[in-house]
S.K.: 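Handing you this structure, nothing more for now.
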Amino acid sequence: MKRLAHLVILLAVLLLLPLAAQAHKLSIFAWPEGSEIRGEVKFSGGRKAKNVQIAVQNAADHAVLAETACDENGAFRFALPDQAQQARPDLLIVANGGEGHRGEWLLEATDYAQARPVETAAPAASAQAGSASGAGLNEEQIRRVIAEEMSKALSPIRQSLAEHLNPEPSLRDILGGLGWLIGLAGLAAWAQSRRTKHS
Amino acid sequence: MHISEGVLSAPVLISGSALAAAGTVLGLRRLDLESIMPTALLSSAFFVASLVHVPIGPGSVHLVLSGLLGLTLGWACFPAILVGLFLQAVFFQFGGLTILGVNTVTMAAPAVLCCYLFRRWLDKPGTRPGAAFTAGFLSILLSSLLTALALAFSDEGFLAPAQTVIAANVPVMVIEGFITAFIVGFIAKVQPEILQLRSAS
């Protein structure tokens, strides 16, 4: 009985350790801001990754569209090259932390294109509008300014939304895993006892 | 210690899975009614140990406890680590499902080796802490080397990743050594059947 109590204490200590501590996984997330795309790289547990290489790929054919690296705080930003802005592919943003650490984030065209149509459409539209009517030009400009400001204002919200898609392991996850292990042990014990009964 | 998904090439993934499957079959054969519960208990310890972050050194590293599993379970540490890694991949998104085999081999193979090398020194209380410390230390060192080797076969070169992986894990080696020595001493005191010690302690 005393031994059992000791084991329970040991298990409890092992269980409580992770509540105070954290773990590692390279997670990356990105969101559009104005004409740029911003992002952050961090190890799970909140430790910022430093100087990690970032490659921006076309999600369809994995062609590299742009390359950058994050700064000391794990933040990065880049502007898409003109060609990609025209084609608007889904972007697969890959962080390679070395040592086998790798994280990726899919930024779909519909997510970042919202911030963009005014940008790419503007030169053509304003040229048209300029020849057609003066009022249209102003409207285009106003639209563009509003879109840019909105995008900037929404940036922190987009950031925290993206962060929430990379949840930290919670107590529920830990207890769920332990439950599975106990269940598997029970299954194995049952199989063993059947085998010994039959033989 | 966990390699992420999408880093390694297919041949490395396949051979890793094959080796892990072989080790798991060997380990499962040695499981009997007596050792099922200790195995599950140590697998649980392995599962949560990865959440214990060691905030020293250049990288982001965590406890592994593979040395402890090797010493106490022998070949049975293969299924224990495989299941632990599977649950980590599903619940914590550490590592990944396609890379399960490679990660199992890099952590379990050094553990089994440490079992063969140091298991016999656990019988005597005098040599026990030293043997357990060395097993904990060495299993992480060898795991780092295997991780670097797996990366080398998929184009990152060997020396550079080996150096960074080992450098990042030096604090873990020392801490694992102490923790393995402490837990082995504790188990020997309160539940020596788990260790199956040959002489009374």
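Letters go in sequence order (proteins before strands), and every chain restarts at 1.
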S.K.: Do A/I174 and B/F91 have side chains that get closer than 4.5 Å, going by heavy atoms?
M.R.: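 Result no, sub-4.5 Å side-chain heavy-atom pair not found.
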
S.K.: For the atom pair OG1 (A/T196) and CG (B/D32), what is the distance rounded to the nearest 0.5 Å?
M.R.: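 Going from the OG1 atom of A/T196 to the CG atom of B/D32 covers 10.5 Å.
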
S.K.: Under 4.5 Å heavy-atom distance to chain A, tell me which part of B/Q93 shows up: side chain, backbone, both or neither.
M.R.: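 Answer is both: backbone and side chain atoms of B/Q93 are under 4.5 Å from chain A.
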
S.K.: CZ of B/F86 to CH2 of A/W180: how many Å apart, nearest 0.5 Å?
M.R.: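 Going from CZ on B/F86 over to CH2 on A/W180, the span is 7.0 Å.
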
S.K.: Using non-hydrogen atoms only, which part of B/F47 is less than 4.5 Å away from chain A: side chain, backbone, both, or neither?
M.R.: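 The answer is the side chain of B/F47.
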
S.K.: Quick one: what part of A/L181 sits under 4.5 Å from any heavy atom of chain B, side chain, backbone, both or neither?
M.R.: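 Backbone plus side chain of A/L181, per the 4.5 Å heavy-atom cut-off to chain B.
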
S.K.: State, to 0.1 Å, how close B/L31 and A/Q192 come at their nearest heavy-atom pair, and which atoms those are.
M.R.: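 Heavy atoms of B/L31 and A/Q192 come nearest at O-NE2, 2.8 Å.
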
